Amino acid sequence: MSNTERRRILVTSALPYANGPIHLGHLVEYIQTDIWVRFQKMQGHECYYVCADDAHGTPIMLRAKQEGIEPEQLIKRISEEHQADFSEFLIDFDNYYSTHSDENKTLSAGIYTALRDAGHINKRSIHQAYDPVENMFLPDRFVKGTCPKCGTDDQYGDNCEACGTTYDATELKNAVSVISGATPIEKASDHYFFKLADFTDMLNSWLNEGHLQEETANKVKEWMQDELREWDISRDAPYWGFEIPDAPGKYFYVWLDAPIGYMASFKNLCDKNNIEFDDFWKPGGNTELYHFIGKDIVRFHALFWPAVLTGSGYRTPDNIFVHGFLTVDGQKMSKSRGTFIMARTYLEQLQPEYLRYYFAAKLSNGVDDIDLNLEDFMQRVNSDIVGKVVNIASRCAGFIKKKFNGQLSAELPAPDLFKEMTDASEKIAGLFESRKYNQAIREIMALADKANQYIDDEAPWVKIKNEDTVAEVQAICTQGINMFRVLVAYLKPVMPALAEGSEAFLNCDAINWSDISKPLLSHEISQFKPLMTRIEKEKIDAIIEASRQNLSTQAAAISGPLADDPISDEIEFDDFAKVDLRIARIIKAEHVKGADKLLQLTLDLGGATRNVFAGIKSAYAPEELEGKLTVMVANLKPRKMRFGMSEGMVLAAGPGGKDLWILNPDDGAQPGMKVK
RNA sequence: GCCCCUGUAGCUCAGUUGGUUAGAGCAACCGACUCAUAAUCGGUAGGUCGAGUGUUCGAGUCACUCCGGGGGCACCA
């Protein structure tokens, strides 16, 4: 690597939104980026990794209000939480900042002004839902009402979840503002638009210059086939953001100043560390710029952002690395299943490097989703890292320490094998560089297998017992420990703390990519301590349990019958047919002496009568029931209860207590009829 | 409704421009070993490559249809 040029690289991850905590889904991206940046730095390149909280927008404004604090206080608190999470996950930003900063304000205003002066900004009036109580315009998702098409209640202002119709928030019937409950009115307002279509040619050529992964480029080209509409970049007061310089009462839409936050965070770093900002952001700077993002925000980064940058005299990114979403056990993260796992919840139970390793083992350079399979996670980490890699050091260290005073031998007994391992360096580096971490990990683990095989073949535990061969043990273990060191070097971008612990054990300087080919010889190592322990199943269970509990303590938790009580496993028709359901008339209902929950029902099946005890006392008075038709399971095996024989079961729905409703057939059904 | 991605051993994934008996790791099973955090080493078994049809001398690899999973769009960016 010494003969290659020292690259100058600026890297960003997407800015987390400052209204909630970091979860495992977020971490896919930060871990992916951090690995790449650590790798670049290990190569000796000049690489900066900047990020920031995305601190503007309506949701933050409203949340602060709800908590009775100023937005500044809210974003400060959230930023501290975010940074604590990132730091513990060993995400090593060179700078972590906020979009609510002087630098960002200046840069946003400058970019806007440049766009305006070049004629890329258009101003026109639009109509929008307006909350007359709160005196603010309402984004679609802050209006709810009845669908104008199908009449379903409680639908958002953009489309109906029941019938799928899309409409304007102003078309909703009985519309209410989610914020105040007031009926929104329609109101006109001037908005500022970015004329994206001005950049059609520029974008078309940019898209063909190989800046994007193929799949991403295809997606963006698909969007380019339609005419590029103007992008609304302004919002009316009250809004939490930056006021537009020449438009009092108008603010930049959060998505305008968010990516500029990348620049602002870097500007902040430059000012602290004497880095030339323009080298990285003006055209022709001989530097590289990369954004790591999720596939949900491709539009902003691959369409608007290059256009905005070009229109205001800045450079465009060299690439936008798009990754997929995280699923857990093959399904979308779910609060009710306990798989919506917060970074903090994870950290309370497990070490960050387990997850860093697992993600690395799964991540490719594609946009496919990756799955966190919890069983696989545990097995994989335990067997790869603890069983294979760390085990090499563990099984050699004892001999060296006890028998040879911690001294490594002066030569390697198997230099060819060592060379084979260091020769893999270029291939593995190429895989890290191209973000095929999964392949890199596979290569590294194959080498770890080789190391263990070598030790097994040499059997130092046998040779140590023989006078003639005892001297060989020192060399064998020196070989083993040096192979371990190479593996740690390869894994260092992924597992920096393991590397640090290993450096202490090896009693050597920080390992870099360039010095792996020089083995440690005639060198004293330190006492071996377990560098990493196994993942215990209980810890994973605890994470799931804690994530479930988060659910119940969160006000806005998603719940409902389906979430609380998911649909059971699929059955065959024959299974259903075994259940004989009949219409029954309740001809008599009475209290049962000594029973807290039961009512005794006499049911007429159109000829036969049945005596049934039903646990519905909490919801019904006997007199309410007499004469009613309902549905019963007629062929249920009679069951002896404390108060007598119960010959069937009436059907009811609901969580229990007062909330319990028996089934009622529609008019016309007669006692005894089969339900099918 | 339209469009994109995806579906390979129990699990996680590789499978190059279609070409001989479909690969790896983990798990399972058998054996060896005991230095090591019950780790390691050797071996065995396990797949009609989601289903079907087609193109071809030949298809996991191409085309079409269907099914399952993920996502995008339907004037919201």
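Since the structure is predicted, the reported quantities are computational estimates derived from the model, not experimental observations. Each chain gets a letter, A, B and so on, in the order its sequence line appears, and its residues count up from 1.
Considering only the side chain of A/Arg229, B/rC75 comes nearest among B/rU40, B/rU34, B/rC75. Closest approach to the A/Lys362 side chain among B/rC75, B/rU6, B/rC13 is made by B/rC13 (side chain taken as heavy atoms from C-beta onward). Residue A/Val390 has its side chain nearest to B/rU37 when only B/rU12, B/rA36, B/rU37 are considered. Of the listed nucleotides (B/rA14, B/rU37, B/rC35), B/rA14 has the atom at the smallest distance from the side chain of A/Asn438. Among B/rC35, B/rG70, B/rU6, the nucleotide with an atom closest to any side-chain atom of A/Lys295 is B/rG70.
With rounding to the nearest 0.5 Å, the separation of CZ in A/Phe194 from OH in A/Tyr253 is 15.0 Å. For the atom pair CZ of A/Arg124 and CD1 of A/Ile126, the computed distance is 7.5 Å after rounding to the nearest 0.5 Å.
Residue A/Asn391 is in base contact, counting any heavy-atom pair closer than 4.0 Å across all strands shown. Within 4.0 Å (heavy atoms only), A/Leu531 reaches at least one base atom of the nucleic acid.
Using P as the reference atom, B/rC35 and B/rC30 are 24 Å apart when rounded to the nearest Å. Taking atom P in both B/rG50 and B/rG15, the straight-line distance is 15 Å, to the nearest Å. Taking atom P in both B/rC73 and B/rC57, the straight-line distance is 44 Å, to the nearest Å.
Sorted by first and then second residue, the side chain to side chain donor-acceptor pair (under 3.5 Å) pairs involving residues 464-473 of chain A (not counting sequence neighbours) are A/Lys463-A/Glu472.
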Legend entry - Base-contact (B) and sugar-phosphate-only (S) positions in nucleotides 24-29 of chain B, heavy-atom cut-off under 4.0 Å, - elsewhere: -SSS--

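The aromatic rings of A/Tyr262 and A/His291 lie parallel to each other, with less than 30° between the two planes, well short of the 60° mark.
Residues A/Phe321 and A/Trp36 bring their aromatic ring centres within 6.0 Å.
Counted by atom type alone, A/Asp371 and A/Thr327 present one or more donor-acceptor pairs between their side chains at under 3.5 Å.
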